[in-house]
Amino acid sequence: MKLPKPSPVHLKHALKTALAAVCTYALTVLFHLPQGYWAVISVIIVMQNNLGSSYQVGVNRIIGTAVGAVMGAACMSLLGPGAMALGVGVGLTILICAYFIHLHESFRMAGLTATIIILLSNQNETFMEYAVFRFLEISLGVTVSLAFSAFIWPSRAGRQFKLGVVKALHDEAAYYSILLACRISPDCDMHEEAATRKQLEATREANHALLEEAKKEPAGLSKQDHISVSLFNFTERIAEHMLSMESAVHHDDLESLHGMVAKEMDMLAQTTITAMTRLALAVSQDRDPGPMDDLKRAVAAAEDGLSRIRKQHVLPTYDLEPVMRFFSYYYNMREVAVELTGMAERATLLAGE
């Protein structure tokens, strides 16, 4: 079996995490922290594949640790060690994170910290000292992790997000090609169509997640990131139009209507696919994609073809439902082209950044 080729991004992430773990361990030895492995564990948990994600996980871990340490120490002080302190401490800790400071992501860390303090503090050190040391050790690990994320092979979520927009365009071009093939031939590969649609949906979901991570980076969204967000919104609308096109592709009663303007619509489809690929390349290289004049001409030609069949008065000879499906298909084709034209105009701003 052929093993997949390791990604440079994954190799850098693995090496960066290993270096951060070793550095953190050395610091725990230097500062004589009694249970420094908590700091090392924090490094591994917090280190994500981009700064935005690492920052949010790190903040959640520190806040969760602080809340859990305070509540664990308070319950030990008032209730002493045992099941009562554990139940009250964990319950109140989660309640505070959920309803008072609205940090749902800190649930687990806060509850875990409270549990550690209540169950593992021993007679050689007071529970208060134990709580303080847990907070310091975990904070050290988070700090080292964020420092490595920011300065050692930094990977910004905003940059990954822009590349995700590029991938969405490539996936949409592939999906559009399948839809065109299915319109031309009813014997198209339905499994391939489903797989291509699933890939596009996965890319859209990943882009939504990357956008949220980019918003959480310490510096927030840059001017270029805002441009990428607007390009992302174009790809989202394009995807929705293509999903609407799919619902009209697999109807045999549209074949004769399609046949009347097959040349114009096929030209529009091919020009659209080419425009998607060209635009993806331009966005990936931060350069001006140029005007979409060929796409505009293709839209105009399709409009002329539709005007021709209207003048021939052939539409009244068809039932209303197939006519509506046909015009829905064309409307979404046209809107994809319009969105691409607007996206290209917006993408010119990347060249100036």
Side-chain angles (χ1 to χ4, degrees), residues 165-166 168-185 188 193 196-197 200 204 227 230-251 253-283 287-315 318 322-351:
V165 171
V166 173
L169 280 169
H170 284 301
D171 289 348
E172 286 170 348
Y175 184 43
Y176 204 117
S177 298
I178 293 292
L179 293 180
L180 178 60
C182 288
R183 192 201 66 74
I184 295 174
S185 172
C188 65
E193 179 184 338
T196 307
R197 182 179 63 251
L200 174 57
R204 295 177 68 190
I227 297 173
S230 65
L231 298 180
F232 163 73
N233 290 332
F234 278 109
T235 64
E236 286 292 281
R237 292 192 292 269
I238 289 170
E240 291 301 324
H241 285 303
M242 293 200 320
L243 289 172
S244 297
M245 286 170 58
E246 182 183 21
S247 64
V249 163
H250 303 290
H251 287 278
D253 54 5
L254 301 185
E255 284 305 307
S256 59
L257 282 169
H258 278 302
M260 296 179 187
V261 285
K263 180 180 177 181
E264 292 86 349
M265 296 187 75
D266 290 348
M267 178 59 68
L268 175 57
Q270 293 290 355
T271 307
T272 299
I273 294 168
T274 301
M276 287 178 178
T277 305
R278 191 177 85 198
L279 184 53
L281 180 61
V283 171
R287 62 178 177 80
D288 188 345
M292 294 286 178
D293 293 339
D294 53 345
L295 193 55
K296 294 176 182 178
R297 287 193 295 269
V299 171
E303 290 281 7
D304 290 342
L306 291 175
S307 297
R308 184 180 67 249
I309 63 174
R310 289 191 188 99
K311 292 176 181 178
Q312 293 173 351
H313 302 291
V314 296
L315 294 178
Y318 289 87
V323 171
M324 291 181 63
R325 273 200 296 264
F326 171 75
F327 277 97
S328 172
Y329 178 83
Y330 168 70
Y331 168 79
N332 285 288
M333 283 187 71
R334 185 189 65 190
E335 288 304 300
V336 168
V338 170
E339 295 290 354
L340 279 172
T341 303
M343 188 176 181
E345 292 173 357
R346 184 64 175 170
T348 59
L349 299 177
L350 290 174

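All values below were derived from every heavy atom in this structure, side-chain atoms included, with hydrogens, water molecules and symmetry-related copies excluded.
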* Taking the side chain as every heavy atom from C-beta outward, state whether His241 and Val338 have any atom pair closer than 4.5 Å. => no
* Asked: Between Val165 and Phe234, is any pair of side-chain heavy atoms under 4.5 Å apart?
  -> no
* Nearest heavy-atom pair of Ala347 and Leu279: which atoms, and what distance? -> CB-CD1, 4.0 Å
* Could you check if a side-chain atom of Met242 sits within less than 4.5 angstrom of a side-chain atom of Val336, using non-hydrogen atoms only? => yes
* To do: Measure the shortest side-chain to side-chain distance between Glu339 and Glu240 over non-hydrogen atoms and say whether it is less than 4.5 angstrom.
  => no
* **Met324 backbone acceptor or donor facing Ser328 side chain under 3.5 Å** => no
* Asked: Taking side chain as C-beta onward, heavy atoms only, is Asp304 less than 4.5 Å from Glu264?
  -> no
* Contact summary for Val166 and Ala280, nearest pair of heavy atoms -> CG1-O, 3.6 Å
* To do: Measure the spacing between NE2 of His170 and OG1 of Thr277 and express it to the nearest 0.5 Å.
  => 6.5 Å
* Structure fact -> Taking every heavy atom of Tyr329 against every heavy atom of Met245, the minimum-distance pair comes out as CD1-O, 3.7 Å
* Least distance between heavy atoms, Val299 atom then Tyr330 atom -> O-OH, 3.9 Å
* Minimum-distance pair of heavy atoms, taken over all atoms of Ala302 and Leu268 -> CB-CD2, 4.1 Å
* Leu169 CG to Ile273 CD1 distance, which is reported to the nearest 0.5 Å -> 13.0 Å
* **Reported CG-to-CZ distance for the pair Leu340 and Arg278, which is rounded to 0.5 angstrom** => 10.0 Å
* Quick one: pull up CE in Met267 and OG1 in Thr272 and give me the separation to the nearest 0.5 Å. => 11.0 Å
* Charged N to carboxylate O below 4.0 Å: is that the case for Arg334 and Glu303? -> yes
* To do: Mind checking the CE-CZ spacing from Met333 to Phe327? Nearest 0.5 Å is all I need.
  => 13.5 Å
* Asked: Does Asp171 reach the side chain of Arg204, with side-chain heavy atoms less than 4.5 Å apart?
  -> no
* Find out whether Glu246 and Ile178 are in side-chain contact, i.e. whether some heavy atom of one side chain is under 4.5 Å from a heavy atom of the other. => no
* To do: Determine the minimum heavy-atom distance between Ala168 and Leu200, stating which atoms define it.
  => O-CD1, 4.1 Å
* Out of curiosity, Leu295 CG to Met276 CE, how far, rounded to the nearest 0.5 Å? -> 9.0 Å
* **Asp293 vs Arg297 side-chain heavy atoms within contact, under 4.5 Å** => yes
* Stepwise side-chain contact (heavy atoms from CB on, under 4.5 Å) test for Met292 and Thr271 -> CA-CA 10 Å; Met292 294 286 178; Thr271 307; over 6 Å; no
